[in-house]
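In what follows, chains are A, B, ... by sequence order, proteins preceding strands, each numbered from 1. Computed over heavy atoms, backbone and side chain alike; hydrogens, waters and symmetry mates excluded.
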Protein chains: 2
Amino acid sequence: MPISALRQDFILHFGEMGSRWGINRTVGQVYALLFLADDPLCADDIVGALGFSRSNVSMALKELQSWNLVRLRHRPDDRREFFTTPDDLWEIVRCLIAERKKREIDPTLTKLRELSMTEPDPADRAAHARIAELRQLIEQMTAFHDDLARFETERLVALLNMGARIGRLVDGAGKLIPIRRTKS
Amino acid sequence: MPISALRQDFILHFGEMGSRWGINRTVGQVYALLFLADDPLCADDIVGALGFSRSNVSMALKELQSWNLVRLRHRPDDRREFFTTPDDLWEIVRCLIAERKKREIDPTLTKLRELSMTEPDPADRAAHARIAELRQLIEQMTAFHDDLARFETERLVALLNMGARIGRLVDGAGKLIPIRRTKS
DNA sequence: TTTTTGTTTCAGTAATTTCTGAAATGACGG
DNA sequence: CCGTCATTTCAGAAATTACTGAAACAAAAA
């Protein structure tokens with residue numbers, strides 16, 4: 001069955017953005033298709049809809065599973081595997097952030113820690129200090145991330161909706177400042 | 001002049017991570033070199049240190065400038081251009097976030113808005129709703145980002161250091177809840 | 001056990017991205 | 001206006017990444 005113009009447009013966009021997002025065109029399109037699908041799809045549905053080879057779709061699904069971006073489903077009396085995306089968009093956001101952190105930040109943090117351990121040559125004093133400074137910054141940010149990641153979605157959304165008002169909670173020295181309860 | 005083992009290791013790591021970060025090896029290494037350099041470097045210094053072709057270094061510097069990750073410097077009585085990275089790491093973080101948002105989020109937001117405008121075919125009802133939901137989520141997050149981006153660094157660091165305590169400021173319904181001032 | 005159905009692996013090919021050297025461009029001093 | 005020095009552009013080479021079809025594998029049914 002052919003795909004509507006709306007879906008087509010969305011899917012092609014995800015395919016194009018794929019390379020900027022660090023996934024490839026196939027993975028982007030497969031994800032987009034699943035994201036919009038009304039029901040779970042099996043690999044052959046995807047082949048039929050997008051025209052990629054069966055093996056390419058298999059790779060793409062494996063990749064999406066490694067990102068935790070798709071869920072596996074089974075139907076009674078059907079051996080095939082069906083795939084969906086989580087309904088809750090926030091769950092998707094959490095996955096994306098966690099996964100990118102793991103791939104893009106953690107290896108560098110490890111490396112920075114390793115380099116910080118060494119005793120620097122006198123000529124490398126400043127460079128060594130700069131590395132330590134960067135390490136400290138990343139450690140701070142990941143600690144913050146780990147804290148936030150434990151929050152339930154409602155609390156995150158509440159913080160998000162505070163927007164700029166969140167800044168009023170704190171003065172420049174990092175101390176909490178008195179606030180008034182908003183009238184309930 | 002040769003590069004110390006410490007710098008070498010750092011530079012090679014940035015080169016390898018480059019592809020995951022959406023820049024290429026040359027750009028990653030050039031940035032790492034500048035980041036650790038005690039003084040501004042000119043293009044030929046970089047060629048000498050890393051062994052890339054002159055034109056490749058030129059491209060890399062252009063790319064780094066487009067990310068706002070390097071600053072241009074001039075010496076009196078010297079026509080050459082010298083490059084540095086900003087001293088303030090937070091400025092770097094801001095650039096990275098702003099630039100990634102511009103490249104990875106904004107085009108999609110534009111597309112989602114465009115798709116939301118159209119009147120959906122009945123068969124696309126659910127898909128259209130899902131697109132609208134995604135658009136709304138991204139709009140919320142970018143609005144929050146825009147708010148935070150206006151904060152001075154001290155305030156951001158203060159918020160960051162609150163860590164999990166930040167969640168206590170808000171209840172599940174998004175209302176501020178009473179807090180005690182930390183003893184100064 | 002053999003067949004049937006569905007998934008994965010893998011070696012080779014296609015497409016894309018990165019990198020280079022040569023030529024073009026620009027900008028200043030004489 | 002020319003010569004010198006620095007930077008940029010660009011076409012093609014090199015390297016990497018994405019994709020395919022065929023074969024291997026796995027699991028349930030006959």
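One interatomic measurement links the two molecules: CZ of Phe83(B) to P of dT8(D), which rounds to 7 Å at whole-angstrom precision. Rounded to an integer number of Å, the gap from CG of Asp78(B) to C1' of dA6(D) is 10 Å. Counting to the nearest Å, the P atom of dT8(D) and the CG atom of Asp44(B) are 12 Å from each other. Here the P atom of nucleotide dT7(C) and the CG atom of Asp45(A) are 10 Å apart, to the nearest Å. Between Leu61(B) atom CG and dT9(D) atom C1' the separation is 15 Å, expressed in whole Å. Atom P of nucleotide dG6(C) and atom CZ of Arg73(A) are separated by 19 Å, given to the nearest angstrom. Spacing between atom CD of Glu63(A) and atom C1' of dT8(C) amounts to 15 Å, rounded to whole angstrom units. When the P atom of dT18(C) is taken as reference, atom CG of Leu50(B) falls 17 Å away, rounded to whole Å.
In this model, a donor atom of one side chain and an acceptor atom of the other lie less than 3.5 Å apart for Ser4(B) and Asp124(A).
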- Spell out protein contact along nucleotides 10-25 of chain D as letters: B when the base is contacted, S when just the sugar-phosphate is, - when no protein heavy atom is under 4.0 Å; keep the 5' to 3' order. B-------SSBB----

- Using a 4.0 Å cut-off on protein heavy atoms (strictly under), produce a 5'-to-3' string for nucleotides 24-30 of chain C with B for base contact, S for backbone-only sugar-phosphate contact, and - for none. ---BB--

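Side-chain atoms of His128(B) come within 3.5 Å of backbone atoms of Thr118(B) as a donor-acceptor pair (strictly under, hydrogens ignored). Distance alone, capped at 3.5 Å, is enough to place a donor-acceptor pair between the Arg7(A) side chain and the Leu36(A) backbone.
Around the CZ atom of Arg54(A), the shell of radius 6.0 Å holds more than 12 heavy atoms that belong to other residues, nucleotides or ligands. More than 12 heavy atoms of other residues, nucleotides or ligands shown are found within 6.0 angstrom of CD on Glu104(A).
In this structure, Leu12(A) is not a member of the same hydrophobic cluster as Phe14(A), with clusters built from ILVMFWY side-chain heavy atoms closer than 4.5 Å.
Using a 4.0 Å cut-off between a side-chain N of Lys or Arg and a carboxylate O of Asp or Glu, Arg155(B) and Asp147(B) do not qualify as a salt bridge. Salt bridge Lys111(B)/Glu16(A): absent, no basic N to carboxylate O contact under 4.0 Å. Taking 4.0 Å as the cut-off between side-chain N and carboxylate O, Arg130(A) and Glu133(A) count as a salt-bridged pair.
Under 4.0 angstrom from either OP1 or OP2 of dT7(C) there lies no side-chain N or O belonging to Lys62(A).
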